[in-house]
2 protein chains.
Amino acid sequence: MASTDSPGNGGRRGRRPGDSGTREAILDAARARFSGEGFRGATVRAIAGDAGVDPSLVMHFFGSKQALFVAAMEFPLDPAEIVPRLVGPGVDGLGERLLRFLLGIIDELGEANPMLGLVRSAVTHPDAARMMREFLGEAILDRIAAAIDADRPRLRAELCASQIVGILMARQILALPELAAADRELLVGIYGRTIQRYLTEPLASS
Amino acid sequence: MASTDSPGNGGRRGRRPGDSGTREAILDAARARFSGEGFRGATVRAIAGDAGVDPSLVMHFFGSKQALFVAAMEFPLDPAEIVPRLVGPGVDGLGERLLRFLLGIIDELGEANPMLGLVRSAVTHPDAARMMREFLGEAILDRIAAAIDADRPRLRAELCASQIVGILMARQILALPELAAADRELLVGIYGRTIQRYLTEPLASS
């Protein structure tokens, strides 16, 4: 709250001149730090320093490092809200819930899906791959792993991620024809069972 | 055999000067045509024309359009040999056979895996995505679909592809830590069952 730009005293009552410029400066600094140092390496303190503001102002504007990342990458959804909502009712039926949500979002967003941009960057730039790995890990996979009541919860969450990224690649980027044209509820059933197996069934076949 | 460069009369007995230059000219022409017009649109006749040789010489050197593509893209393996070998014993156990082969190849090739280059291009260039979709379709997915004795064989082959591309993305490009470190035989078991389900089990859950 040391910064003179802090809206702490009045920001909630209305937007003051300069707020949006400050917000943009923080987002620019965040994008640069996240790209260069990964999600984990980029600290709120360093981002605030680059933007010339106090770290508390960054937290005031965005609430958390994850939310700052979501805003900087222009995600339409915040995993900190979505994942607990999907995981909340428990792991029973989580596979289908996850798939129905994901396929809905994929179809609705189409080419505007920011996950596509992130996948494109990750595939071509190792720094972006690290950034995506670290953000996915903390924002999504750790949260799913925490809900799993079975051995190797984090591996199970990563198995789910491998099928979900594969759906995005096959249906939207490669556009394999039968998969792209398939009825969404059929795919919810097929892939939902795969995800459910990764979440709850024994991993070893013996 | 109209071309004066044709090795038809003596090529089998030894390499003549000019053969490797001709071969390179054909490969260059193939890469350009495949990139611009996709795998399906690029004809052997057009590629031969660009390289200034007779189409029969292209077939003499490479044997098929698929094999020409494999050579032009510098694949270390030809799906026309690999897929029938994996599919040959039937669909029983095909999931595990496919996964054991794939994970072996992925680990062995590492960063030199030409699939990574193809995925990188496909993700960033729609023309390359089309080329990969068409080649994968004819060289791999149609062959697997032909071996499937169940409803919607081509959709099933595409479901398998979605999990396999996802493994490549998650294990090698994103390098999710537990998946990257997991015992290969454990993954053969887990993913093999997924692929087997896509190949042979009922698609609808009802």
Side-chain angles (χ1 to χ4, degrees), chain A residues 96 116 119-126 128-130 132-133 136-137 141 145 152-183 185-195 197-198 201-206, chain B residues 96 116 119-126 128-130 132-133 136-137 141 145 152-183 185-195 197-198 201-206:
Chain A
E96 289 216 358
L116 292 176
V119 168
R120 287 195 174 99
S121 306
V123 160
T124 41
H125 303 293
R130 180 170 62 127
M132 185 167 169
R133 172 172 66 245
L136 278 183
L141 302 181
R152 306 198 65 175
R154 176 61 193 242
L155 173 62
R156 289 172 180 274
E158 294 182 7
L159 289 167
C160 296
S162 77
Q163 178 59 92
I164 287 165
V165 171
I167 295 170
L168 199 68
M169 289 287 303
R171 194 149 192 253
Q172 209 166 2
I173 291 179
L174 293 176
L176 297 180
E178 297 232 1
L179 212 45
D183 176 73
E185 276 303 303
L186 176 67
L187 296 183
V188 167
I190 294 169
Y191 285 126
R193 266 198 292 165
T194 302
I195 299 298
R197 192 163 69 76
Y198 294 163
E201 291 178 28
L203 289 178
S205 52
S206 61
Chain B
E96 289 216 358
L116 292 176
V119 169
R120 288 195 174 99
S121 307
V123 160
T124 42
H125 303 293
R130 180 171 61 130
M132 185 166 169
R133 173 172 65 246
L136 278 183
L141 302 181
R152 307 199 64 174
R154 175 61 194 243
L155 173 63
R156 289 172 180 274
E158 294 181 8
L159 289 167
C160 297
S162 77
Q163 178 59 95
I164 287 164
V165 171
I167 295 171
L168 199 69
M169 288 289 302
R171 195 150 192 252
Q172 208 167 2
I173 291 179
L174 293 176
L176 298 180
E178 297 233 1
L179 211 45
D183 176 72
E185 275 304 302
L186 177 67
L187 296 182
V188 167
I190 294 169
Y191 286 126
R193 266 199 292 164
T194 302
I195 299 298
R197 193 163 68 77
Y198 294 162
E201 291 178 29
L203 289 178
S205 52
S206 60

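The sequence lines fix the lettering, A, B, ..., with proteins before strands; numbering per chain opens at 1.
No side-chain heavy atom of I173(A) sits under 4.5 Å from any side-chain heavy atom of V119(B). Using a 4.5 Å heavy-atom threshold, the side chains of S162(A) and L179(B) count as touching. In this structure, V123(B) and M169(A) have side chains that are in contact, with non-hydrogen atoms separated by less than 4.5 Å.
Residue R171(A): no heavy atom, backbone or side chain, is found under 4.5 Å from chain B. Contact annotation for P126(A): neither backbone nor side-chain heavy atoms come within less than 4.5 Å of a heavy atom of chain B. Contact annotation for L168(A): neither backbone nor side-chain heavy atoms come within less than 4.5 Å of a heavy atom of chain B. Neither the backbone nor the side chain of I164(A) comes within less than 4.5 Å of any heavy atom in chain B. For chain B, the nearby part of L136(A) is the side chain; its heavy atoms alone come within less than 4.5 Å.
Note that CG of L155(A) is 7.0 Å distant from CG of L187(B), once rounded to the nearest 0.5 Å.
Chain A forms more heavy-atom pairs under 4.5 Å with one residue of L116(B), L186(B), L176(B), V165(B) than with any other, namely L176(B). Ranked by heavy-atom pairs under 4.5 Å with chain A, the first of A170(B), A175(B), A182(B) is A175(B).
In this structure, R133(B) contributes its side chain and L174(A) its backbone to a donor-acceptor pair below 3.5 Å. No donor-acceptor pair under 3.5 Å is formed between the side chain of E178(A) and the backbone N or O of R154(B).
Among all heavy-atom pairs drawn from P202(B) and R193(A), the shortest one is O-NH2, 3.1 Å.
Between R197(A) and T194(B), the side chains place a donor N or O and an acceptor N or O closer than 3.5 Å (distance only, hydrogens not considered).
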